Amino acid sequence: MKNLIKLKYLYKLKEAGVNYFDGFVSVEKKIDMPNELKELENICKNCSLCDLGKTRTNVVFGEGNPNAKIMFIGEGPGEMEDKTGRPFVGRAGKLLTKIIENVLELDRNDVYIANIVKCRPPNNRVPSIEEAETCKPYLLKQIDIIEPKILVCLGKTAFMYLLNSDLAISKVRGQIFEYKGKKVIPTYHPSFLLRNPSAKKEAYKDFLLIKSML
Ligand code: URA
């Protein structure tokens, strides 16, 4: 856990006005996290590496099949997720569950669901780059441990922070990217689909592609 302590130290430096962002990238690669999902969850649940830890009710580590072939990555917990400690349980979560069951013909328990940040950003704002980069080692370790074949990025934020890309989700959705030998497919976030039902047609196509790859 020495590297976690180092990461905390670097975060303190940031608070003191020292720009350590480049250093962060190399720390992220070297960070020493446990190889057990439960152990990782326990560490994550006590995390106070960024300010989101000060306002959260619960850490939302992620849930699902530890041997899942497919992992969904959202942006960050919303109100319901913060209250319950579970990912995608609000309105957007209900839509995601319906898609998993009705389009992919899987049970929600067959897949793994996680987020870029594990604590709720106040007022559901988009997580900052510092918050995302601070939290990302947890997600990357979840991916390392679970080894899904397919990573589905739900919305721009998940895609942007996973692949360091600034491309619009409308441009990249339904295309196949790669991250450490895993296929990455970005699609619209279910919250976007709730606000823009006409985009469901395109999302449906994306999920049919995902289904064909399973
Ligand atoms: N939106 C997300 O991005 N993640 C959740 O867990 C819930 C809503």
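Keep in mind the model is a prediction, meaning the values are calculated, not measured. Both ligands and their constituent atoms are indexed starting at 1 by order of listing.
Side-chain atoms of Lys141 and Asn35 include a donor-acceptor pair closer than 3.5 Å. A donor atom on one side chain and an acceptor atom on the other are not found under 3.5 Å apart for Arg173 and Thr187.
Protein residues are said to neighbour a ligand when one of their heavy atoms lies under 4.0 Å from it; for ligand 1 these are Gly74, Glu75, Gly76, Glu81, Pro87, Phe88, Asn115, His189.
For residues 94-130, no residue pair satisfies the ring-ring contact (aromatic ring centres under 6.0 Å, His included) rule, not counting sequence neighbours. Identified under the salt bridge (Lys or Arg N to Asp or Glu O under 4.0 Å) test for residues 145-161, with sequence neighbours left out: Lys156-Asp166. Judged as a ring-ring contact (aromatic ring centres under 6.0 Å, His included), the pairs with a partner in residues 68-94 (not counting sequence neighbours) are, in order, Phe88-His189.
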(request) Kindly indicate, with the supporting measurements, whether the criterion salt bridge (Lys or Arg N to Asp or Glu O under 4.0 Å) is fulfilled by Glu105 and Lys211. (result) CA-CA 8 Å; Glu105 297 185 275; Lys211 188 178 179 190; 2.4 Å; yes
